[in-house]
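Before any comments, here is the structure.
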Amino acid sequence: MFDFSFGELALLGIIALLVVGPEKMPELARTAGKWYGAMRRAMTGLRSEVEQQLLLDDLRQEANKLREYANEELLPVDITATATPKASDEKPEVIGEQKQGELDILSAPVQHAESPGLEDRLH
């Protein structure tokens with residue numbers, strides 16, 4: 001945090017020893033250590049609180065984006081794309097009739113005499 005070299009710290013210690021005296025120097029060192037620890041804990045707590053607030057703001061922005069996305073209406077192009085039949089063997093006129101809402105009954109497929117029936121496949 002502070003950029004002091006060893007020589008500068010030693011000089012500061014000698015000056016403090018001359019001013020305070022050798023009797024009160026250990027008490028002064030303990031008090032300085034307590035203050036340093038309290039300041040360091042306060043800075044760590046402040047830093048973690050700021051980081052939590054930034055993370056919370058990011059989460060709120062993401063939640064708002066998700067809400068906006070959820071509230072968007074589907075476009076008609078999306079709806080018709082899912083409702084369009086995908087079978088390639090359907091006749092175009094049958095698809096057109098289904099779109100108009102008419103009900104068309106298709107005839108059942110006719111079996112030929114040479115093709116095996118259901119009974120023949122089971123045996």
Side-chain angles (χ1 to χ4, degrees):
M1 186 153 88
F2 298 108
D3 193 22
F4 291 120
S5 67
F6 180 73
E8 292 170 340
L9 287 176
L11 182 63
L12 201 75
I14 292 171
I15 292 173
L17 184 61
L18 293 175
V19 171
V20 175
E23 302 88 34
K24 295 197 177 190
M25 189 65 174
E27 185 180 332
L28 180 67
R30 275 193 293 273
T31 305
K34 287 179 183 179
W35 278 95
Y36 178 74
M39 287 180 58
R40 188 173 180 125
R41 281 189 300 274
M43 291 300 292
T44 303
L46 182 65
R47 180 181 295 140
S48 67
E49 188 174 329
V50 167
E51 287 175 355
Q52 286 177 353
Q53 288 298 323
L54 291 174
L55 180 63
L56 185 60
D57 288 341
D58 289 341
L59 290 175
R60 284 183 183 147
Q61 288 175 358
E62 289 295 322
N64 287 336
K65 286 180 187 178
L66 288 174
R67 279 190 201 106
E68 290 173 5
Y69 180 73
N71 290 333
E72 287 180 3
E73 294 183 20
L74 291 177
L75 299 175
V77 175
D78 295 339
I79 293 171
T80 57
T82 58
T84 306
K86 302 287 185 207
S88 61
D89 59 339
E90 290 185 340
K91 297 178 184 176
E93 58 271 359
V94 174
I95 294 172
E97 290 174 3
Q98 287 175 352
K99 285 184 181 177
Q100 293 173 1
E102 297 175 5
L103 181 62
D104 188 25
I105 300 175
L106 299 174
S107 62
V110 179
Q111 284 188 341
H112 300 298
E114 57 269 356
S115 64
L118 182 61
E119 302 85 28
D120 295 335
R121 289 184 211 152
L122 295 176
H123 296 294

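What you see is a predicted model, and the numbers here were worked out from it, not measured in a lab.
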### Task
Please go through Leu54's hydrophobic cluster and name the other residues, only I, L, V, M, F, W, Y counting, with side-chain heavy atoms under 4.5 Å joining them.
Val50

Would you tabulate the side-chain donor-acceptor contacts of residues 38-46 under 3.5 Å, counting partners in other chains and residues two or more places apart, or write 'none'?
unit_1 : atom_1 : unit_2 : atom_2 : d
Arg40  : NH1    : Tyr36  : OH     : 3.0
Thr44  : OG1    : Arg40  : O      : 2.9

### Query
Between CG of Leu66 and CD of Glu62, what distance do you get to the nearest 0.5 Å?
6.5 Å

### Query
For Tyr69, what are the other residues in its hydrophobic cluster, where any two members join if their side-chain heavy atoms are less than 4.5 angstrom apart?
none

### Summary
Apart from Trp35 itself, its cluster of hydrophobic side chains linked below 4.5 Å comprises none

### Summary
Connected to Leu55, directly or through other members, by ILVMFWY side-chain contacts below 4.5 Å are Leu59

#### Entry: Asp58: side-chain hydrogen bond (donor to acceptor under 3.5 Å, both in side chains) partners, not counting sequence neighbours
none

### Summary
Minimal heavy-atom distance between Val20 and Met25, with the atoms involved, is CG1-N, 4.2 Å

### Partner residues of Asp57 under the salt bridge (Lys or Arg N to Asp or Glu O under 4.0 Å) criterion, sequence neighbours left out
Arg60

### Query
With sequence neighbours left out, what residues match Arg30 under side-chain hydrogen bond (donor to acceptor under 3.5 Å, both in side chains)?
none

### Task
Please collect all salt bridge (Lys or Arg N to Asp or Glu O under 4.0 Å) contacts where either partner lies in residues 5-28, sequence neighbours excluded, each pair once.
none

## Note on the structure
Leu11 meets the side chain to side chain contact (heavy atoms under 4.5 Å, CB included) criterion, sequence neighbours left out, with Ile15

